[in-house]
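Letters A, B, ... mirror the listed sequences (proteins, then strands); counts begin at 1.
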Protein chains: 2
Amino acid sequence: MPSSKNVLQSSGDVMKKPMEIQPTNNDVTRVNDATLRQFLGYHMKRAFNVVQADLLRTLKPFELRMLTYTALVLITDNPGLRQSQLAAAMDIERPNLVVILDELERRELILRERVPTDRRAYALAPTLAGRQLCDKAVAAVTAHENRLLEHLDQDARAAVEAAMKLIEKGAGRG
Amino acid sequence: MPSSKNVLQSSGDVMKKPMEIQPTNNDVTRVNDATLRQFLGYHMKRAFNVVQADLLRTLKPFELRMLTYTALVLITDNPGLRQSQLAAAMDIERPNLVVILDELERRELILRERVPTDRRAYALAPTLAGRQLCDKAVAAVTAHENRLLEHLDQDARAAVEAAMKLIEKGAGRG
DNA sequence: TATTGTTATACTCTATAACTATA
DNA sequence: TATAGTTATAGAGTATAACAATA
């Protein structure tokens with residue numbers, strides 16, 4: 001059993017005043033989410049949804065989504081990458097990467113080249129068009145992030161980045 | 001055009017040394033993700049994946065998922081809530097809420113009660129079993145978060161929470 | 001007309017098992 | 001036998017259009 005000294009007693013105690021929601025009241029700000037607001041994961045999900053939606057909008061002109069964008073960037077920065085390495089780097093399963101690469105290959109943004117020394121594997125490489133689209137997309141995403149994070153100063157951004165890395169590492173605990 | 005003074009020149013300049021990935025090298029840490037690491041969204045996605053996976057594991061014994069858990073907590077803390085209000089609070093579309101509530105109702109954790117003053121609407125309320133399960137789940141999730149964030153001090157957690165809120169608000173920009 | 005909840009549908013992301021061809 | 005990539009499939013989350021009942 002963990003210590004859990006910060007444990008809230010949940011609904012029983014939180015609901016001192018049950019809030020009496022009016023039938024015609026559509027004001028979402030009135031909904032009591034005090035219990036959920038105690039969880040960092042709740043805030044992370046909501047913030048990430050915003051980032052994700054904005055990223056999707058930003059990538060739309062390039063006909064890229066988050067996954068196709070990530071794959072294209074990693075292939076461009078790591079020519080010769082194997083699919084299994086890319087899947088591991090992207091934290092997705094190998095089968096799910098296949099369709100992503102199919103799409104990028106069909107659009108002639110990347111190439112799958114047979115590796116002579118291991119004929120099971122493919123070496124992934126960007127085409128010229130792929131590199132050019134990648135550059136444009138990265139610039140657009142950079143601008144989109146700066147716009148979205150304009151109210152976060154450099155210290156805050158660094159704090160968030162450090163925290164996210166710690167959380168990610170924390171996955172390895174028992 | 002945004003100022004974008006932090007813009008990286010992307011692959012063209014990042015790839016000074018193309019990294020020469022060896023055919024037998026499966027070490028993911030060797031993959032150059034310098035371009036992506038510049039984006040807070042990249043770190044947020046990876047960290048959120050960890051949180052999400054851990055939450056799912058935590059909720060498994062209660063046969064809850066993130067969405068059913070969130071709905072149950074909000075209904076428990078806001079008895080009388082309408083479905084449209086809940087959907088708005090959860091930031092999901094009304095049709096997608098229906099199946100979530102169907103599941104909670106089938107398990108007799110919540111009730112859909114007709115509102116006399118507006119016979120189109122349902123007032124959502126937890127059953128006794130729903131309240132009890134909610135309490136247990138909230139306690140479990142609290143413990144899970146404390147475990148996952150044990151390397152983040154209170155200042156760091158507050159900084160992240162503040163940043164997430166700012167990002168969420170940032171969605172309202174033009 | 002507008003709104004509440006609903007159905008139907010489609011797309012994306014995710015996860016697993018099983019296959020092929022190589023090693 | 002093990003690995004790289006693939007196929008097939010299923011579960012979840014998300015988004016939109018259209019409908020019935022009600023306002």
Q. Within this structure, what is the CD1-to-P distance between B/Ile100 and D/dG13, rounded to whole angstrom?
A. 7 Å

**Q.** Phosphate-side-chain proximity, B/Lys45 and C/dT14, N/O vs OP1/OP2 below 4.0 Å
**A.** yes

Q: Send over the distance from A/Gln52 CD to C/dC13 P, rounded to a whole Å.
A: 8 Å

Q) Nearest nucleotide by nearest heavy atom, which residue falls closer to the 5' end of DNA chain C, B/Ala123 or A/Ile92? A) B/Ala123

Q) Looking across every strand, which nucleic acid part, if any, lies under 4.0 Å from B/Leu97 by heavy atom: base, sugar-phosphate, or nothing? A) nothing

Q: Measure from the side chain of A/Arg112, starting at C-beta and using heavy atoms only, and say which of D/dT6, C/dA21, C/dT6 lies closest.
A: D/dT6

Q.
With a 4.0 Å limit, can you tell me whether B/Arg65 has a side-chain N or O closer than that to the phosphate oxygens OP1/OP2 of D/dG13?
A. yes

Q. D/dA8, C/dG5, C/dT7: which one has an atom nearest the side-chain heavy atoms of A/Pro95?
A. D/dA8

Q.
From the set C/dT22, D/dA15, D/dA21, return the single nucleotide nearest to any side-chain atom of A/Arg120.
A. C/dT22

(Q) Should the side chain of A/Asp118 and the base of D/dA4 be counted as holding a donor-acceptor pair, with the cut-off at 3.5 Å? (A) no

(Q) Should the side chain of A/Arg119 and the base of C/dT22 be counted as holding a donor-acceptor pair, with the cut-off at 3.5 Å? (A) no

Q: Please determine which of A/Glu105, A/Gln83, A/Arg82, A/Arg114 meets the side chain to side chain donor-acceptor pair (under 3.5 Å) test together with A/Tyr122.
A: A/Arg114

Q. C/dT3, D/dT6, D/dA4: which one has an atom nearest the side-chain heavy atoms of A/Ala121?
A. D/dA4

Q: State whether A/Asp102 and A/Arg112 are salt-bridged, where the test is any N-O pair (Lys NZ or Arg NE/NH1/NH2 against Asp/Glu carboxylate O) under 4.0 Å.
A: yes

Q) Does a salt bridge link A/Lys165 with A/Glu161, judged by any charged N lying under 4.0 Å from a carboxylate O? A) yes

Q) Where each residue is assigned the nucleotide of DNA chain D containing its nearest heavy atom, which of B/Thr68 and A/Asn96 is assigned the position nearer the 5′ end? A) A/Asn96

Q. In whole Å, what is the span from the CG atom of B/Leu56 to the C1' atom of C/dA15?
A. 12 Å

Q | Salt-bridge contact A/Arg157-A/Glu145 (side-chain N to carboxylate O under 4.0 Å) | A | no

Q | A/Arg114 vs C/dA21: side-chain N/O to OP1/OP2 distance below 4.0 Å | A | no

Q. Do B/Tyr42 and B/Arg46 pass the side-chain hydrogen bond (donor to acceptor under 3.5 Å, both in side chains) test, and can you show the C-alpha distance, the side-chain angles, and the key distance before you say yes or no?
A. CA-CA 6 Å; B/Tyr42 180 65; B/Arg46 297 182 77 91; 3.3 Å; yes

Q.
Measure CZ/A/Arg82 against P/C/dA21 and give the value in whole Å, please.
A. 21 Å

Q) Rounded to whole angstroms, how far apart are CG on A/Leu55 and P on C/dC13? A) 11 Å

Q) Rounded to whole angstrom units, what separation is found between the CG atom of A/Asp91 and the P atom of C/dC13? A) 15 Å

Q.
Please report the distance, rounded to the nearest Å, between CE in A/Met90 and C1' in C/dT12.
A. 13 Å

Q) Closer than 4.0 Å, any side-chain N/O of B/Ser84 to the OP1 or OP2 of C/dG5? A) yes

Q.
From CD of A/Glu93 over to P of D/dT7, roughly how many Å is that when rounded to an integer?
A. 17 Å

Q. Does A/Met66 or B/Asp102 map to a spot on DNA chain C nearer the 5' end, using the closest nucleotide for each?
A. B/Asp102

Q.
Categorize B/Gln83 for me: base, sugar-phosphate, or nothing, with a 4.0 angstrom heavy-atom threshold over every strand shown.
A. sugar-phosphate

(Q) Strictly below 4.0 Å, N to O, side chains only: are A/Lys45 and B/Glu168 in salt-bridge contact? (A) no

